Amino acid sequence: AQSVTQPDIHITVSEGASLELRCNYSYGATPYLFWYVQSPGQGLQLLLKYFSGDTLVQGIKGFEAEFKRSQSSFNLRKPSVHWSDAAEYFCAVDSGGGADGLTFGKGTHLIIQP
Amino acid sequence: AAGVIQSPRHLIKEKRETATLKCYPIPRHDTVYWYQQGPGQDPQFLISFYEKMQSDKGSIPDRFSAQQFSDYHSELNMSSLELGDSALYFCASTLRGTGMVSNSPLHFGNGTRLTVT
């Protein structure tokens, strides 16, 4: 069965500093990969997705993620965080119609220090 | 540990048929959210429930209805299905408690993949 691991439950970053949120997945083939963000009191928003092709994916709000097959990773990055980036971030794997469906990681809570 | 359970995992229906999707939240979670995600699209918030009452309503079509039962499981009923309803439907649960906003993390189900032909 597929699985997603977000090893960091909480991350604290100073405003203006760079950010990397880790995501590792387990899946037999090349999965569809997603990063979502949930800001306090708001719904879920898709940041970016990887289906195929270029392994460096650009998303909204200045985020990017890189798919590394050899490491089974899909880490989310941002060069300079803003206070409004404080939120819960979820990585997800979709088997694309396969038996495992959509699997989310447990989330990483991002705290921004002034 | 128990997770959010959704059933069925896959569903194939024809146009104009009805479908019922089920979501069983993590025990003691009092809040359930439903989302619809079309291929390659943003998840669309449909509806949420808190303590068996409708809490928020998003872009849920009038053809759809949902409820949360006494055991906190939730069902999404979809009628007069259209081709455009083909999507991944996932639910999430959390423990909101008495606060206006949940500070507890969301837990997601594996989704139900609905195909309308």
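Chain letters run A, B, ... following the sequence lines, proteins first and then strands; every chain starts at 1. All of these numbers come straight from a predicted model, not from anything done at the bench.
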- Query: With a cut-off of 6.0 Å (strictly less than), are more than 12 heavy atoms of other residues, nucleotides or ligands near NZ of B:Lys13?
  - Reply: yes
- For B:Ile12, look at atom CD1 and say whether over 12 heavy atoms of other residues, nucleotides or ligands are found less than 6.0 Å away. no
- Just checking, is any N or O donor in the side chain of A:Gln38 or B:Tyr33 under 3.5 Å from an acceptor N or O on the other one? no
- Message: Is B:Phe90 in contact with chain A via its backbone, its side chain, both, or neither, using a 4.5 Å heavy-atom distance?
- Response: side chain
- In terms of heavy-atom contacts, A:Tyr36 and B:Pro43 come closest through CE2-CG, 3.5 Å
- For B:Asp71, look at atom CG and say whether over 12 heavy atoms of other residues, nucleotides or ligands are found less than 6.0 Å away. yes
- Message: Taking atom CG as the centre, does B:Leu83 end up with more than 12 heavy-atom neighbours from other residues, nucleotides or ligands that are less than 6.0 angstrom away?
- Response: yes
